[in-house]
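A quick write-up on the structure given underneath.
Chain identifiers are assigned alphabetically (A, B, ...) following the order of the sequence lines, protein sequences preceding nucleic acid strands; residue numbering begins at 1 within each chain.
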There are 2 protein chains.
Amino acid sequence: MTQDKVISFSSIKIDCKSCNLTTLCLPLGLESAEIGRLEEIIKRSRPLHRGDQLFHAEQGFHSLYVIKTGSVKTFLPEPDGGEQVLGFHLPGEVIGMDGIESERYHCSAKVLETSAVCEVPFDRLEALTHDIPSLQHQLYRLMSKEIGQETDMLALLGSKSAEERLAAFVLGLSERFKRRGFSATDFHLSMSRHDIGSYLGLAVETISRLFSRFQEEGLLKVERKHLQLTNLAGLQAMAKGCGLEPRRQKHGG
Amino acid sequence: MTQDKVISFSSIKIDCKSCNLTTLCLPLGLESAEIGRLEEIIKRSRPLHRGDQLFHAEQGFHSLYVIKTGSVKTFLPEPDGGEQVLGFHLPGEVIGMDGIESERYHCSAKVLETSAVCEVPFDRLEALTHDIPSLQHQLYRLMSKEIGQETDMLALLGSKSAEERLAAFVLGLSERFKRRGFSATDFHLSMSRHDIGSYLGLAVETISRLFSRFQEEGLLKVERKHLQLTNLAGLQAMAKGCGLEPRRQKHGG
DNA sequence: AGCGTTATTTGACCTCGATCAAGAAGTATG
DNA sequence: CATACTTCTTGATCGAGGTCAAATAACGCT
């Protein structure tokens with residue numbers, strides 16, 4: 001960030017080389033000249049605000065988006081107006097890759113807090129990956145990673161109890177903040193309890209109750225949207241289902 | 001094994017051009033000469049049998065695999081020896097793409113019935129995608145499709161009831177068989193009830209009970225592994241949660 | 001500051017689907 | 001073809017987590 005304004009424009013329009021996300025984002029593994037070529041095709045928007053939508057499911061696909069600052073949720077809109085949340089995305093993460101196949105976005109993306117986002121027109125990126133093998137490789141890697149992460153989520157939803165899910169969720173966020181240079185034990189939840197519930201396949205009330213219980217058990221402290229993890233080991237044990245008592249069921253039994 | 005065996009080698013070693021999967025598989029959109037180049041790098045194995053494992057989670061990644069005939073399940077092995085099933089794969093489908101990112105397979109793959117599989121060494125494929133833009137594009141599309149399908153599965157697990165899940169599962173299989181030229185209403189389940197349950201996040205007993213109930217309701221007929229769909233519209237309504245009574249809950253409440 | 005709207009929390013209650021249990025049916029092996 | 005094993009089915013029971021309801025706390029707005 002720079003001098004005067006709350007969110008200065010210059011902080012948004014910095015180039016990839018000065019962006020501290022090169023170890024996560026598309027430029028990973030590129031040489032300086034190659035990053036320069038990538039920059040030429042990237043559109044940097046003015047800051048977006050809570051609720052702004054990056055793209056809509058079924059809308060024609062043309063760009064990938066990279067979160068630069070802030071956070072974004074992706075979700076599948078439901079006929080009844082609901083939203084099945086698919087993921088929460090932090091700086092350096094690329095979204096929209098599900099639109100390549102059908103040339104329509106498969107899901108929708110909404111900004112959770114004031115955020116800066118880079119738009120990468122896909123046809124130009126694709127052409128560039130043809131010229132720059134390491135960029136091609138990085139794009140394959142990013143898509144592969146996405147597949148692996150969704151796979152892990154399927155396993156979570158398929159076989160973990162509510163408390164295991166929430167513990168894993170909180171630890172996952174912690175890891176991701178840590179890798180971005182933020183505190184791993186003290187952070188802000190930009191999404192609502194409702195969104196967390198949808199993401200984890202649980203009711204809002206369950207999320208609320210579990211946060212309260214985790215707090216009673218000394219695993220963490222919650223105050224509104226602020227979260228402080230006070231017992232990482234305990235949370236890890238809980239996420240693995242190694243609760244002290246020999247739990248045995250996923251739910252309902 | 002060679003000529004004289006039950007499954008003749010010639011049926012396995014046919015090339016991509018004579019394979020009737022070109023509209024699903026990697027060659028989609030390629031010209032004849034390009035398919036020729038792709039063929040050069042593909043390894044065609046002898047037929048595999050039920051239980052044979054294509055790759056193991058955590059094992060070093062080097063190839064994608066394409067199912068040519070038969071079927072394969074992918075799963076995440078669990079510490080207790082269990083298997084969290086991630087998908088069932090039919091002819092023309094590519095698996096192993098989750099290994100690109102970390103250079104280790106993220107999941108395991110096991111053959112469900114006698115199957116033929118093409119092995120595609122990834123480094124050679126990647127090099128070829130650099131030479132053949134339409135192959136590059138097709139690989140992006142295949143990975144994107146995988147992401148979209150997992151996304152749909154997340155939504156299924158996150159918000160559908162047991163009957164909705166099973167109905168959707170059965171209809172999904174139906175669609176995929178149809179596209180491959182098989183009957184959409186009459187097919188063989190190569191996976192166990194246990195695998196179906198794991199895939200859908202349900203207990204084996206629930207699968208069994210639901211199949212029985214669907215049969216009573218005239219939606220389908222099951223006999224062991226043979227399935228006959230007798231009321232597609234009814235199943236579709238059920239999959240959408242438009243059961244006649246206004247169901248309201250995902251489960252348990 | 002005051003007010004309506006929305007998000008979160010907590011309690012009471014109830015159901016779906018898990019677990020436990022046992023039998024039936026199919027499969028593999030000698 | 002008898003035996004052991006595995007898979008599938010069906011029944012009985014129960015509890016995790018959903019739904020309903022209501023109070024409380026934040027968060028816009030004007």
With distance as the sole criterion, is a donor-acceptor pair present between the side chains of B/S71 and B/S190 under 3.5 Å? yes
side-chain contact (heavy atoms from CB on, under 4.5 Å) partners of A/D152, counting only residues at least two apart: B/L76, B/H106
Side-chain donor/acceptor of B/E163 to base of C/dC16, under 3.5 Å: no
Find the bend of the helix from C/dA1-D/dT30 to C/dG30-D/dC1 as the angle between its two terminal axes (five pairs each), to the nearest 10°. 60°
Take the protein atom CD of B/E83 and the nucleotide atom C1' of D/dT7, then report the distance between them rounded to whole Å. 15 Å
Heavy atoms within less than 4.0 Å of DNA chain C: which residues of residues 217-225 of chain A have one? Give them sorted by number. A/R224, A/K225
Please determine whether a side-chain nitrogen of the Lys or Arg among A/E164 and A/K240 lies less than 4.0 Å from a carboxylate oxygen of the Asp or Glu. no
Pairs involving residues 202-218 of chain A, ordered by first then second residue, that meet salt bridge (Lys or Arg N to Asp or Glu O under 4.0 Å) (sequence neighbours left out): A/E163-A/R213, A/R213-A/E217
Would you say the side-chain atoms of A/H89 and A/T74 include a donor-acceptor pair closer than 3.5 Å? yes
For atom NZ of A/K178, decide whether the heavy atoms of other residues, nucleotides or ligands shown that lie under 6.0 angstrom number more than 12. no
A/E216 CD to C/dT9 C1': how many Å, rounded? 12 Å
At under 4.0 Å, does any side-chain N or O of A/S192 touch on OP1 or OP2 of C/dA7? no
C/dT9, D/dT10, D/dG17: which one has an atom nearest the side-chain heavy atoms of A/R193? C/dT9
Spacing between B/R50 atom CZ and C/dA28 atom P, to the nearest angstrom: 9 Å
To the nearest Å, give me how far apart CG (A/L166) and C1' (C/dT9) are. 15 Å
Excluding sequence neighbours, so at least two apart, what forms salt bridge (charged side-chain N to carboxylate O under 4.0 Å, His left out) with B/R193? none
Is any side-chain N of the basic residue among A/R176 and A/E93 closer than 4.0 Å to the acidic one's carboxylate O? yes
Looking only at side-chain atoms of A/A203, point me to the closest of C/dT9, C/dG17, D/dG18. D/dG18
Between C/dC20 (P) and B/E205 (CD): distance, integer Å: 10 Å
Could you tell me how far apart B/H194 (NE2) and D/dC5 (P) are, to the nearest whole angstrom? 19 Å
Examine the side chains of A/E83 and A/S198 and answer whether a donor and an acceptor come within less than 3.5 Å of each other. no
Just the rounded figure in Å: distance from P of C/dG26 to NE2 of B/H226. 15 Å
When you measure from the side-chain N and O atoms of A/S161 to the phosphate of D/dA16, is any distance below 4.0 Å, counting only OP1 and OP2? no
Can a salt bridge be assigned to the pair A/E113 and A/K73 using a cut-off of 4.0 Å between side-chain N and carboxylate O? no
Tell me whether B/F177 at atom CZ has more than 12 heavy atoms from other residues, nucleotides or ligands lying less than 6.0 Å away. yes
Once you round it to whole Å, what is the distance between C1' of C/dT9 and CD1 of A/I196? 14 Å
What residues in residues 208-215 of chain B put a non-hydrogen atom under 4.0 Å from any atom of DNA chain D? B/S208, B/R209, B/S212
A quick test of your reading: do over 12 heavy atoms of other residues, nucleotides or ligands sit less than 6.0 Å from NZ of B/K43? no
